[in-house]
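Chain naming here is simple, since letters A, B, ... match the order of the sequence lines and numbering starts at 1 in each.
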Amino acid sequence: AADTSGRKWEQKQVQIKTLEGEFSVTMWASDDKK
Amino acid sequence: VKTKAAVPLDSFDWGNYIGSGDLMGAPVSCFKHVPMGTSWDDITEGIRVEVLNSDSSLPMKVYWIASIIKLAGFKALLRYEGFDSDSGQDFWSNLCVPDIHAVGWCASGGKPLVPPKSIQHKVTNWKAFLVKRLTGAKTLPSDFSTKVQESMQFPFKKLMRVEVVDKAHLCRTRVALVQQVIGGRLRLVYEESQDGSDDFWCHMYSPLIHTIGWSRSIGHRFKRSDVAKKLDGQVDAPGQLFAKVKDVDQSGEWFKDGMKLEAIDPLNLSAICVATVRKVLADGYLMIGIDGSEAADGSDWFCYHGTSPSIFPAGFCEINSIELTPPRGYTKLPFRWFDYLRETSSVAAPVKLFNKDVPNHGFVPGMKLEAVDLMEPRLVCVATVTRIVHRLLRIHFDGWEDEYDQWVDCESPDLYPVGWCQLTGYQLQPPAMQASRD
């Protein structure tokens with residue numbers, strides 16, 4: 001996906017660990033392979 | 001020639017200086033020669049990072065998520081997740097320091113995220129809170145720290161030999177040895193310096209340094225040193241490490257001896273002066289003299305490439321409302337090129353020979369940055385872009401009078417983003433106080 005400035009972003013499942021436990025969220029990170 | 005003395009002061013803080021208001025730091029993407037300079041476009045306000053939690057009573061290092069509120073060069077104003085619109089605990093951090101990570105880094109290392117003590121009570125279900133806040137948000141690429149480390153590697157090494165302008169006689173070069181490399185800036189010691197104190201600082205992409213043999217190959221004056229042979233460990237820096245200049249066709253219309261132009265005075269970078277092509281060298285290089293201040297033997301000529309952004313056609317200053325410095329001793333003021341060319345029986349260098357590229361540089365007047373004082377090139381100072389003329393920037397050194405301002409090209413390797421000194425370990429000169437100026 002590209003935002004309005006043309007940057008390429010990819011959706012990533014990101015792991016989060018808190019004192020209450022571990023879970024994942026979907027975030028955007030710029031494309032490492034760009 | 002006005003120069004500054006180094007002011008050792010470690011209390012300067014870019015964060016306090018820029019604050020959360022309208023002051024702007026030039027973005028890292030304006031500086032292609034710095035670490036991360038070509039991969040910073042993706043770093044924007046709103047991005048989430050994992051950062052050290054400084055509000056925790058736990059005995060170990062713990063982290064929490066923060067979002068970028070404002071960017072200034074390598075530095076970011078961060079706000080811990082959970083503070084919402086409360087800016088009271090916002091803090092500045094350099095994004096390239098080891099304690100900043102993409103979201104997900106803590107979990108990959110088994111480290112729990114712990115909310116700051118002062119907001120711990122505000123939320124009963126932090127998991128639900130984070131899922132809501134982070135889903136669909138942006139974070140750094142997972143290899144961000146690796147990219148930073150890779151971009152901090154520089155090919156110049158200690159004891160490499162280069163040819164560099166002789167700072168005492170700009171018309172010639174000398175051999176010098178790399179003694180130190182900090183953030184791509186080289187401390188060069190002239191080969192014959194007995195105690196190693198005769199040095200010169202410049203960036204590895206500076207147009208003032210060249211491979212061994214360059215001067216001879218283009219016909220530039222060179223001070224031969226009496227050092228008979230290279231000592232152990234010394235090696236000529238390979239040609240591919242140096243900045244490339246554009247190839248030019250000198251067989252067609254090209255600069256000729258005696259042609260007049262306007263040039264930034266290398267001894268007073270605040271001034272653009274009336275100048276003359278004194279000698280045409282090979283590979284597109286020119287020896288330039290400032291009219292009215294030339295030594296009879298040419299010892300104050302200096303070398304600019306024909307495509308240099310520091311030379312301009314006659315009339316450039318007038319068109320752009322820049323004050324042109326007339327030749328010293330020239331009394332027929334205001335200076336008019338038409339009259340001067342007639343009086344000196346000379347011609348202006350054709351406009352089409354000059355570099356007219358204007359990159360989409362991204363600088364805006366008012367932007368803060370770290371800039372080398374080119375009259376004292378070991379000093380990197382807190383500075384502001386105050387004027388932009390095509391690709392030319394007027395750099396003001398904060399706290400100093402305007403007479404110390406310098407004209408610098410937008411692609412100069414002597415300009416750095418806010419936070420570059422902190423990142424590379426170079427000493428930053430803070431804004432001058434009245435007392436230190438005195």
Side-chain angles (χ1 to χ4, degrees), chain A, chain B residues 27 29 36 38-50 53 56 58 60 62-65 67 81-82 101-115 120 123-147 150 362:
Chain A
D3 68 9
T4 49
S5 63
R7 294 183 190 104
K8 289 205 170 169
W9 297 85
E10 58 179 2
Q11 271 196 321
K12 278 192 160 181
Q13 284 295 111
V14 175
Q15 246 358 72
I16 306 282
K17 182 182 165 91
T18 67
L19 293 173
E20 291 124 17
E22 203 163 334
F23 54 94
S24 69
V25 293
T26 308
M27 295 187 76
W28 293 94
S30 63
D31 186 352
D32 298 351
K33 298 171 285 299
K34 190 177 63 172
Chain B
S29 49
M36 304 299 287
T38 53
S39 43
W40 197 262
D41 282 343
D42 304 328
I43 312 300
T44 55
E45 286 162 11
I47 275 185
R48 307 301 208 281
V49 294
E50 289 180 349
N53 174 0
S56 159
L58 294 170
M60 70 287 205
V62 290
Y63 292 79
W64 187 237
I65 290 165
S67 58
E81 207 57 68
H101 302 279
V103 176
W105 178 83
C106 280
S108 68
K111 298 175 179 60
L113 290 165
V114 179
Q120 215 152 15
V123 176
T124 48
N125 186 343
W126 281 103
K127 177 184 170 183
F129 177 85
L130 288 178
V131 168
K132 192 172 168 200
R133 289 302 175 92
L134 299 182
T135 300
K138 288 173 180 171
T139 188
L140 299 173
S142 53
D143 62 348
F144 184 75
S145 307
T146 315
K147 276 184 180 169
E150 283 171 4

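Atom OG in A:Ser24 sits 11.5 Å away from atom CG in B:Leu134 (nearest 0.5 Å).
For the pair B:Asp42 and A:Trp9, the tightest heavy-atom approach, listed with the atom from each and the gap, is O-CH2, 3.3 Å. Contact between B:Pro141 and A:Ala29 at its shortest, heavy atoms only, is CA-CB, 4.4 Å.
Side-chain polar atoms of B:Thr139 and A:Lys12 form no donor-acceptor pair below 3.5 angstrom.
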Could you give the side-chain donor-acceptor pairs of residues 14-23 of chain A under 3.5 Å, partners two or more places apart or in another chain?
residue: A:Gln15; atom: NE2; partner: A:Glu22; partner atom: OE2; Å: 3.4
residue: A:Thr18; atom: OG1; partner: A:Glu20; partner atom: N; Å: 3.2
residue: A:Thr18; atom: OG1; partner: A:Gly21; partner atom: O; Å: 3.3

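B:Phe129 pairs by the ring pair (Phe, Tyr, Trp, His ring centres under 6.0 Å) definition with B:Trp126, not counting sequence neighbours.
Within the 4.5 angstrom heavy-atom criterion, atoms from both the backbone and the side chain of B:Val103 approach chain A.
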